**Q** 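Sharing a structure, written as structure tokens. Questions coming.
Everything quoted here is computed from the prediction, not taken from an experiment. Each ligand, and each atom within it, is numbered from 1 in the order the structure gives.
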Amino acid sequence: MISRGAVRSACIVFLLFANRLNADGMKHKLHVSEFGTTQGGDSIGRFVLTNDRGAVAVVISYGATLVSLRMSDRMGRAADVVLGYDNLAGYEYGKSYFGGTIGRYGNRIAGGQFPLGGKMVQVSKNDGPNSLHGGTTGFNKRVWAGVDRSRDDAQVLELSYVSPDGEEGYPGRLQVKVTYTLPAKRNELRIDYWATTDKDTVSNLTNHSYFNLSGVASTEILEHELVLHASRFTPVDSTLIPTGELRAVSGTPFDFRKPIAIGARINHDDEQLKFGKGYDHNWVLEKSDKPGLQLAAEVFEPTSGRVLEVLTTEPGIQFYSGNFLDGAARGKGGELYAYRAGFCLETQHFPDSPNHNNFPSTELKAGATYHSTTIFRFSTREK
Ligand code: BGC
């Protein structure tokens, strides 16, 4: 029987060896170190992806989590544009899903129940009456295995996790793979997700990064200007479960088809904004006939000049304006994260899809392969 301690030591030796490779001049290799040790004794890797344009992405094998993303402002000064914690304990005990990979099912499932193959499936409930982001212990709280897949034109980290049959109530053994790709010449972070199962199940994977493009995470994101390429959204009930309607955004505070500050209408007297305590909704993305990546969202932060474009193969995007950040969470560098100090743009299939036949299906058949791609692309501009 191999002890946990021995496994830990082997991991650390591996990590140190990987770093020797860097020092020996294999330029395209990732920088690897240990981020920390979980309460359960697992060694967690910290993987640094860099490119020729000064961008740096840091990902840890706990939750396949993006913990830092440094991008330049219009003056060429780099700053971290995502929220997170300084140490592993923050990620293990935190409830905000900062930067985590979300699965098996991003967002909510009503009552944690849905029909599949003529039977009702019950998954774990962790959000009042509902299931949220994969249940009590979602993929963001699991230990993944990381492998360097860097190429000459990009640094690539592959993370994998096997979710056993019945985990959190979901049927089927799900083998999941996520890659983070930072191209050498472009300031964009690409995330690909793959999954296969041995029994019919559902799959809806996403990333839960909170962005603050100002680079100053103690500030609110209300001045960021947002565009969402969507003319409809999925209204919700008071527990944030979609009613099934695809409602036109026209004439509502949900119309982001032209650039407008996130804060411009967030306090309007609107039932949907009250239910979400701000924006916490899924937008139905405009799809052209072409399959593949489409521009879903654009965000501009006026003081830094940073621009974020989100491209995805998914049919929906959850725009969440950080309404549950209450100013109490202490993040990286000991900074207190203000109310609405970050926003999320979670590319996804619609919440509660397994209970709505009119939503695109999230069912993954035994033997079939799930694949989804999202790109977070950065640039700067003047006003
Ligand atoms: C959900 C919010 C939830 C948040 C958790 C978002 O994806 O839509 O309702 O509170 O994740 O941090």
**Q** What orientation do Phe378 and Phe211 show, parallel under 30°, tilted 30 to 60°, or perpendicular over 60°?
**A**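 Phe378 and Phe211: tilted rings.
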**Q** Would a line drawn from the ring center of Phe139 to the ring center of Tyr161 be shorter than 6.0 Å?
**A**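 That pair passes the under 6.0 Å test.
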**Q** Would Arg265 pass as a cation-pi partner of Phe256, given that its NZ or CZ must be under 6.0 Å from the six-membered ring centre and within 45 degrees of the axis?
**A**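 Judged by the rule (NZ or CZ under 6.0 Å from the ring centre, within 45° of its axis), Arg265 counts as positioned above Phe256.
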**Q** How are the rings of Tyr279 and Phe254 set relative to one another: parallel (under 30°), tilted (30 to 60°) or perpendicular (over 60°)?
**A**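 Geometry flag for Phe254 against Tyr279: perpendicular rings.
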**Q** Extract all N/O-N/O pairs under 3.5 Å that connect ligand 1 to the protein, and present each with both atom names and the distance rounded to 0.1 Å.
**A**
| unit_1 | atom_1 | unit_2 | atom_2 | d |
| --- | --- | --- | --- | --- |
| ligand 1 | 7 (O) | His133 | NE2 | 3.0 |
| ligand 1 | 7 (O) | His208 | NE2 | 3.1 |
| ligand 1 | 7 (O) | Glu346 | OE1 | 2.7 |
| ligand 1 | 7 (O) | Glu346 | OE2 | 2.9 |
| ligand 1 | 8 (O) | Asn107 | ND2 | 3.1 |
| ligand 1 | 8 (O) | Asp280 | OD1 | 2.5 |
| ligand 1 | 8 (O) | Gln318 | NE2 | 3.3 |
| ligand 1 | 9 (O) | Arg108 | NH1 | 3.1 |
| ligand 1 | 9 (O) | Arg108 | NH2 | 2.8 |
| ligand 1 | 9 (O) | Asp280 | OD1 | 3.4 |
| ligand 1 | 9 (O) | Asp280 | OD2 | 2.4 |
| ligand 1 | 11 (O) | His133 | NE2 | 3.0 |
| ligand 1 | 11 (O) | His208 | NE2 | 2.8 |
| ligand 1 | 12 (O) | Ser96 | O | 3.4 |
| ligand 1 | 12 (O) | Tyr210 | OH | 2.9 |

**Q** Do the ring centers of Tyr320 and Phe343 come within less than 6.0 Å of each other?
**A**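 No: the rings miss the under 6.0 Å criterion.
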**Q** Report, one line per pair, each donor and acceptor closer than 3.5 Å where one atom sits in a side chain of residues 173-184; sequence neighbours left out.
**A**
| unit_1 | atom_1 | unit_2 | atom_2 | d |
| --- | --- | --- | --- | --- |
| Tyr180 | OH | Ala64 | O | 2.8 |
| Tyr180 | OH | Asn207 | ND2 | 3.2 |

